[in-house]
Amino acid sequence: MIANTLTVLLLLAGLVFFAAGTAGLLRFPDVYSRLHALTKADNVGLGLVVLGLMFQASGPADILKLLLIWLLVLAAGTTAAHMVAQRTWTHGEFESDR
Amino acid sequence: MNGLLVLFDLVLLAGIVGVAWRCLASTDLFRAVVLFITFGLLLALAWVRLEAPDIALAEAAIGAGITGALLLVTLERLRSIMAERRSGRPHTPPPDPTGPHALLRALHDPPPERRTFIPALSFALVVGGLLVTALWHQPHSTGLEPVVDAHMDISGVDHPITAVLLNFRAYDTFLELAIVLIALLGAWSLGRHDLIPARPAPGPILPGTLRLLVPVAIVTGVYVLWAGSHAPGGAFQAGAILGAAGILLVLARPRQLPMAPGVPLRLGLTAGVALFLLVGLYGLVAGHGFLGYADAWAYPLILLIEVAATLSIALALVALFVAGRPAGDDA
Amino acid sequence: MSVFYLAAALFLLGTILLGLVRVLRGPGSGDRMLAAQLFGTTGVTILLLLSLALEESALVDVALVFALLAVVAAVAFVRQHGLPEPPDTPTHRQHPESTESRESNDDR
């Protein structure tokens with residue numbers, strides 16, 4: 001019961017960050033500020049969801065797998081945000097796409 | 001629960017169709033590529049809802065790891081060809097009507113005129129109507145599930161899909177492996193791989209991430225291969241994951257990549273098909289039929305074939321990604 | 001509980017479809033790539049939720065593969081060649097030797 005309540009609360013909190021990330025992606029004015037949208041969903045959104053799902057895991061192997069997924073997404077998100085920012089910095093924001 | 005599931009499926013379906021439509025209708029190639037990546041993600045979710053986690057796993061590995069990178073690199077190549085043409089250097093050869101420039105011209109032709117819309121729509125309606133009629137009159141059948149379940153104990157594995165792919169209908173898998181090899185031979189026969197004049201992103205972030213990710217990818221690939229005996233997974237998924245790790249290396253350090261020596265590379269590429277063929281011929285001689293196994297030997301033989309197939313698929317995917325025989329390869 | 005997981009997954013699917021507006025509108029390719037990256041993370045989360053809602057533990061493996069390979073497209077995106085380079089960028093100052101080799105390759 002307590003585990004279920006914790007899961008629901010953590011999942012709801014995670015969803016809020018996903019909503020915030022999407023809102024940021026849509027509403028922020030340029031690439032550099034939109035980078036923040038991505039990190040909200042990666043770090044905190046997925047992190048809270050993973051933490052919430054850990055209370056439902058059936059064993060330590062499942063918990064470690066969830067943790068690994070979160071760490072991998074963190075690494076991917078960090079690298080991608082860095083590289084997109086770098087490319088935008090060197091090539092300009094409005095390069096022609098054709 | 002059921003109503004919510006239907007709602008989820010409808011939203012997913014609308015998303016898939018919408019993304020596919022915008023992807024095909026887009027005049028901006030980069031936008032089309034990103035939409036295609038998103039399409040692959042939604043498609044994996046659709047496979048999940050169709051209760052086919054094996055295919056979802058393959059779609060995840062191929063869609064996320066290979067197709068997106070392939071399309072983006074192709075786009076970069078097209079751009080560099082375009083830039084060369086625009087700059088009009090004197091030593092640029094005149095455009096070859098069958099070469100890559102022809103493709104570029106085709107890409108930049110004006111979109112088709114409006115009057116093609118009505119015939120296209122009526123054609124789509126007719127085909128859709130035929131499909132619906134065909135599905136409507138499907139005879140009721142239980143499928144092959146009971147047959148497979150009845151024979152699971154002699155298959156050597158615990159996962160029905162692996163049993164079908166590697167035992168009951170092994171020749172399908174054998175021919176699929178052969179197709180991958182033939183595709184690679186086709187790509188190699190088109191010429192040598194010329195190094196793309198590419199620079200990886202400067203800075204320490206990318207090499208650091210690679211040092212973390214590539215070992216994890218190898219472990220995950222082996223895990224997915226191993227899981228194939230009792231859960232979704234297997235040679236194709238594992239090969240795609242390992243291939244994606246190789247592509248990541250190719251992308252990140254195009255210059256420092258060690259050139260694979262010719263003979264081991266060829267042995268690795270053909271290992272899957274060759275081993276499969278050997279086992280199949282042995283089955284024929286030993287009286288189990290082509291590609292049949294003795295019951296006691298089914299598990300070790302399947303495992304052996306899966307390992308060789310994983311290696312071949314991973315190597316073939318990387319080789320197809322760089323396209324063309326490696327430079328300096330004269331074996 | 002599984003109704004709750006499914007509702008959460010549906011909500012996340014909705015955020016993906018909303019985020020597609022950014023892909024369609026752009027304006028730069030960096031914006032679109034960022035959106036794709038965000039969709040990848042959201043897709044991983046949806047898969048984790050579905051694995052509990054549908055009681056299909058293999059979906060965690062699918063999520064793992066997505067998480068593992070999420071970076072490949074971004075690495076392909078950032079390869080820099082073919083585009084005209086601004087003459088005075090940090091990239092240029094740090095890597096003169098790689099710029100030279102690039103030009104010699106262009107002369108083929």
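Chain letters run A, B, ... following the sequence lines, proteins first, then strands; residues in each count from 1. Quick caveat, the model's predicted, so the values are computed rather than measured.
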**Item:** Interface residues of residues 3-16 of chain A facing chain C - non-hydrogen atoms under 4.5 Å apart
**Value:** N4(A), T7(A), V8(A), L11(A), L12(A), L15(A)

**Complete:** K65(A) and V60(C) have their tightest heavy-atom pair at CD-CG1, 3.5 Å

**Over all atoms of both residues, closest heavy-atom pair of A67(C) and A76(A)** = O-CB, 4.3 Å

**Validation row: F18(A), T41(C) side chains within 4.5 angstrom (heavy atoms)** = yes

**Asked** What heavy-atom pair brings R22(C) and R27(A) nearest, and what distance separates the two atoms?
**Response** NH2-N, 4.4 Å

**Asked** When heavy-atom pairs shorter than 4.5 Å are enumerated against chain C, which of L66(A), L26(A), V73(A), L68(A) gives the highest number?
**Response** L26(A)

**Asked** In Å and rounded to the nearest 0.5 Å, what is the OG1 to CD distance from T39(A) to Q37(C)?
**Response** 12.0 Å

**Request:** Mind listing the closest non-hydrogen atom pair of L38(C) and A41(A) along with its distance?
**Result:** CD1-CB, 3.3 Å

**Asked** Given that the side chain runs from C-beta out, which part of L64(C) has a heavy atom under 4.5 Å from chain A: side chain, backbone, both or neither?
**Response** both

**Message:** For F28(A), which atoms come within 4.5 Å of any heavy atom of chain C: side chain, backbone, both, or neither?
**Reply:** backbone

**Heavy-atom proximity to chain C below 4.5 Å, by part of L35(A)** = both

**Fill in**
Rounded to the nearest 0.5 Å, the CG atom of L68(C) sits from the CD1 atom of I69(A) at a distance of 10.0 Å

**Request:** Counting only heavy atoms closer than 4.5 Å, note whether F66(C) contacts chain A via side chain, backbone, both or neither.
**Result:** neither

**Message:** Which atoms of V72(C) are under 4.5 Å from chain A, going by heavy atoms: the side chain, the backbone, both sets, or neither?
**Reply:** neither

**Prompt:** Quick one: OG1 on T45(C) to CZ on F17(A), what's the gap to the nearest 0.5 Å?
**Reply:** 13.5 Å

**Engaged part of V49(A) at the chain C interface, taking heavy atoms whose separation is under 4.5 Å** = side chain

**Request:** Work out which heavy atom in L52(C) is nearest to a heavy atom in Q56(A); give both atom names and the distance.
**Result:** CD1-CB, 4.1 Å

